[in-house]
Amino acid sequence: MSAPPGASQAPSRNRRRPRRPQQQHPAAPSLAARIAPLSTAATPTSELPTPEPESTDNAKYLSNAKFADFYARGVLTKALFERIPFEYCTEVQEKTFLPIIEGKDVFGQAKTGTGKTIAFLVPAIEQLARRPVPPPEVISILVIAPTRELCLQIEKEAKMLFAGSVYRTQSVIGGVNIKVQRRDLLNERSDVLIATPGRLVDHIENSNLGPRLKTVQTFVMDEADRLLDEGFQKSLIQIANQVTPKDRRQTLLFSATVDNKIRDIARVVLKDKHEFITTISDADEATHQHVHQDYIVTSLAKEDAVMLTLIRRAARTPFPKIIVFYSTARGAAIAYDLFKGIPDFQDLPMFEIHSRLSQGARIKQADAFKTALKGVLFSSDVTARGMDFPNITAVYQVGSPSSPEQYIHRLGRTARAGAEGYGVLILADFEANVLLNKKEMRELPLKPHPEAQHLTDESSDEFKSAKEMVVQTYDAMDSVAKAQAYQAFMGYYNGFQKAFRWSKEDLVRTANHYALDVLRYRSPDGSNNPPPLLPKTVGMMGLKGVVGLNIVRPQPDAQQGYGGGRSSAPPPKKRQRAA
DNA sequence: AAAAAAG
């Protein structure tokens with residue numbers, strides 16, 4: 001590895017420790033870590049960042065234990081040990097290895113970004129390696145996680161641990177061809193199966209996977225707090241009914257938060273005699289307590305210009321890598337459309353990810369952003385939890401998140417494993433107080449942005465130029481995405497009516513303002529009407545008879561964008577660039 | 001209709 005320009009000052013210890021963990025402290029500014037652990041892509045030398053001295057902070061989640069110690073004590077077999085590309089264990093890993101290898105049930109509390117995946121995969125696989133190789137139809141380890149991308153991330157690590165062995169891992173997620181999965185399940189080993197709940201149930205019902213789940217020895221529920229959400233419950237019950245019963249399997253449950261709801265579930269799925277492991281001590285402040293966080297309250301109409309200014313400023317720093325969260329998939333999509341169309345950001349790659357993209361596009365975007373040295377990802381809450389994008393310098397959030405918890409999870413994409421990070425929350429005036437007055441929010445070190453005044457000052461040149469750029473770009477954009485964003489906005493804020501003490505008319509007025517003045521939606525007929533909604537949509541939102549809505553009869557040749565009557569199937573967006 | 005997740 002030849003030293004890039006500027007690397008000569010790098011402390012030599014950075015390079016002398018090839019086995020220092022990378023994923024565990026992604027922002028460790030060692031060269032190797034900067035190039036991203038999952039990357040195989042060649043990086044132009046000229047783009048390599050200047051390494052900074054290693055911060056002691058980055059070692060925060062590391063323990064003094066080494067994987068080599070576990071190997072020396074006979075805890076890890078040679079083959080597995082050799083496939084672990086890290087030298088030091090993280091704290092969670094050190095604590096979970098022995099109990100899991102001994103076959104105990106574990107309730108683990110650990111934030112993501114602390115090496116949690118390795119903490120359960122390595123010991124589970126170690127157990128597997130100690131037994132005779134099972135017949136090919138056996139699924140020894142079943143992992144359930146709440147998003148597709150998280151499953152793929154886990155699968156990647158399992159593949160690494162299985163490299164060159166007879167064992168195989170497969171993922172079973174929605175959005176990809178089910179027949180291919182069915183065939184692979186039939187023809188190839190799946191010693192570790194990693195699944196989202198919905199698709200796993202689909203396979204139970206339609207691929208006769210149920211009986212094979214009875215061969216599961218270790219059952220892992222990752223991001224368990226999220227898996228307990230309403231929408232997952234039915235699937236989880238079906239899965240629990242098929243998988244090996246709890247007294248004859250090992251269950252590992254991981255959750256970032258531990259509240260009564262989780263404890264109740266733990267009681268149901270874990271054996272009475274399980275081990276509780278936590279790495280969150282009083283001394284070790286939670287990430288969200290140490291990350292620098294600012295908020296800006298402004299009008300809806302100024303949000304985009306403020307965001308543009310923030311990105312512009314960040315673009316002048318060496319390696320900006322930012323995630324911008326929006327509350328709706330359509331909101332993230334239109335923000336991506338807006339900012340990718342702005343000429344200032346030629347050198348700053350833009351990415352988008354949300355449920356309205358095809359799964360193929362989602363995977364491409366996530367992979368590209370993971371390995372990117374800089375860029376901005378416009379995201380819905382798909383990536384809010386557990387996703388590991390290396391070296392995120394800042395997380396911006398636009399609009400009230402659905403809960404303080406969600407705010408904290410999103411923020412956790414930056415400052416991973418003790419690294420530096422920064423958060424900005426942009427709120428519209430009508431939503432600010434309700435969120436900021438919540439107890440959980442008040443307990444955060446979240447402060448007014450020191451430059452809030454200037455950033456939102458209509459008479460400043462910086463604001464004026466940003467606003468002008470936003471207006472121009474929206475004006476040039478097609479109306480379909482705007483109509484979709486309008487509908488999503490209405491649907492999202494519909495849930496806040498009570499909290500905001502809004503009447504239905506207030507909701508409609510605000511949504512119309514959003515479409516007409518913010519997005520600059522113009523009806524194809526040249527009128528000043530807001531985007532059309534189907535009677536059915538209006539009915540489902542409980543807005544029948546509210547003035548200001550543009551209700552249209554369903555048309556047989558309907559342009560989609562205002563209903564179309566589909567439920568959850570994501571109409572794949574055609575536009576896609578490989579970034 | 002509103003993150004996500006089955007189509």
Side-chain angles (χ1 to χ4, degrees), chain A residues 144-152 171-179 181-182 195-207 209 223 225-236 238-239 325-333 353-359 362 378-387 397-403 405-407 409-410 431 483-497 499 504 507-508 511 514 531-544 546 549 551 560-572:
Chain A
I144 309 281
T147 67
R148 299 168 183 174
E149 280 74 14
L150 198 48
C151 286
L152 295 174
S171 63
V172 147
I173 61 172
V176 298
N177 193 319
I178 192 166
K179 285 185 190 160
Q181 284 179 356
R182 196 173 286 143
T196 46
R199 183 51 75 86
L200 185 61
V201 167
D202 202 340
H203 281 296
I204 290 171
E205 289 172 347
N206 304 311
S207 315
L209 195 68
E223 300 285 334
D225 42 354
R226 172 77 191 286
L227 283 171
L228 301 183
D229 283 4
E230 199 66 32
F232 285 118
Q233 273 187 17
K234 250 180 76 187
S235 303
L236 283 187
Q238 283 194 71
I239 294 164
F325 281 104
Y326 289 84
S327 304
T328 69
R330 248 81 226 224
I353 191 164
H354 47 78
S355 62
R356 311 313 283 232
L357 287 182
S358 73
Q359 190 54 35
R362 277 168 61 166
F378 295 88
S379 179
S380 70
D381 278 335
V382 235
T383 65
R385 290 178 184 236
M387 287 302 290
Q397 310 193 29
V398 183
S400 177
S402 54
S403 66
E405 213 191 351
Q406 203 61 19
Y407 169 85
H409 280 290
R410 289 164 161 191
E431 62 191 351
Q484 291 170 334
Y486 166 73
Q487 192 172 314
F489 181 101
M490 190 117 66
Y492 181 70
Y493 283 107
N494 197 12
F496 286 84
Q497 276 187 65
K504 291 176 182 183
L507 172 68
V508 170
Y514 173 66
L533 295 169
L534 294 174
K536 195 179 70 180
T537 312
V538 173
M540 285 198 286
M541 292 204 233
L543 298 176
K544 236 159 62 179
V546 180
L549 291 172
I551 302 174
Q560 94 228 72
Y562 47 94
R566 9 187 12 130
S567 46
S568 61

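Lettering of chains follows the sequences in order, A, B, ..., and the numbering in each one begins at 1.
- Every residue two or more places apart in sequence or in another chain was checked for a ring-ring contact (aromatic ring centres under 6.0 Å, His included) with A:F232, and none qualifies.
- Rounded to an integer number of Å, the gap from A:R356 CZ to B:dA5 C1' is 13 Å.
- With B:dA1, B:dA6, B:dA5 as the choices, the nucleotide that has an atom nearest any side-chain atom of A:T147 turns out to be B:dA5.
- Within 4.0 Å (heavy atoms only), A:R362 reaches sugar-phosphate atoms of the nucleic acid but no base atom.
- Listed nucleotides: B:dA6, B:dA2, B:dA4. Nearest to the side chain of A:E205: B:dA6.
- For the pair A:R385 and A:L150, the tightest heavy-atom approach, listed with the atom from each and the gap, is O-CD2, 4.2 Å.
- In terms of position along DNA chain B, the nucleotide closest to A:R226 lies nearer the 5' end than the nucleotide closest to the other residue of the pair A:K234 and A:R226.
- In this structure, the CG atom of A:L228 is 16 Å from the C1' atom of B:dA3, given to the nearest Å.
- For the pair A:Q497 CD and B:dA1 P, the computed distance is 17 Å after rounding to whole Å.
- One interatomic measurement links the two molecules: CZ of A:R385 to P of B:dA5, which rounds to 13 Å at whole-angstrom precision.
- When distances run from any side-chain atom of A:T328 to the nucleotides B:dA1, B:dA3, B:dA6, the shortest one goes to B:dA3.
- Residues passing the ring-ring contact (aromatic ring centres under 6.0 Å, His included) test with A:F378, sequence neighbours excluded: A:F339.
- Nucleotide B:dA5 holds its P atom 10 Å from the CG atom of A:L150, rounded to whole Å.
- Proximity note for A:A329 (side chain, C-beta onward) versus B:dA2, B:dA1, B:dA4: the nearest is B:dA4.
- Of the candidates B:dA2, B:dA5, B:dA6, the closest approach to any side-chain atom of A:E149 belongs to B:dA5.
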Pair A:M490, A:L533 - check side-chain contact (heavy atoms from CB on, under 4.5 Å), show working. CA-CA 11 Å; A:M490 190 117 66; A:L533 295 169; 3.5 Å; yes
Salt bridge (Lys or Arg N to Asp or Glu O under 4.0 Å) between A:R226 and A:E405, worked out: CA-CA 11 Å; A:R226 172 77 191 286; A:E405 213 191 351; over 6 Å; no
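- Listed nucleotides: B:dA1, B:dA5, B:dA4. Nearest to the side chain of A:R148: B:dA5.
- Taking both residues in full, the closest heavy atoms of A:T196 and A:G174 are given as OG1-N, 3.6 Å, listed atom of the first, atom of the second, then distance.
- At whole-Å resolution of the value, CG in A:L357 and P in B:dA4 are 10 Å apart.
- Looking at heavy-atom distances under 4.0 Å, A:M541 makes contact with a base.
- Between A:S327 and B:dA3 there is no side-chain polar atom (N or O) within less than 4.0 angstrom of OP1 or OP2.
- Here the nucleotide nearest the side chain of A:K536, chosen from B:dA2, B:dA1, B:dA5, is B:dA1.
- For A:N494, taking side-chain heavy atoms from C-beta onward, the closest of the listed nucleotides B:dA2, B:dA5, B:dA1 is B:dA1.
- Within the 4.0 angstrom heavy-atom criterion, no nucleotide atom of any strand lies near A:S402.
- Across all strands, A:G231 comes closer than 4.0 Å to base atoms (heavy-atom distances).
- Candidate nucleotides B:dA4, B:dA1, B:dA3 were compared by shortest atom distance to the side chain of A:Q406, and B:dA3 ranks first.
- For A:Q359 and B:dA5, the CD to P distance is 7 Å, given to the nearest whole Å.
- Atom pair A:F496:CZ and B:dA2:C1' shows a separation of 9 Å (rounding to whole Å applied).
- For B:dA3, the base has a donor-acceptor partner in the side chain of A:D229 [N/O atoms by modelled type, under 3.5 angstrom].
- Considering only side-chain N and O atoms, A:T196 lies nowhere under 4.0 angstrom from the phosphate OP1 or OP2 of B:dA4.
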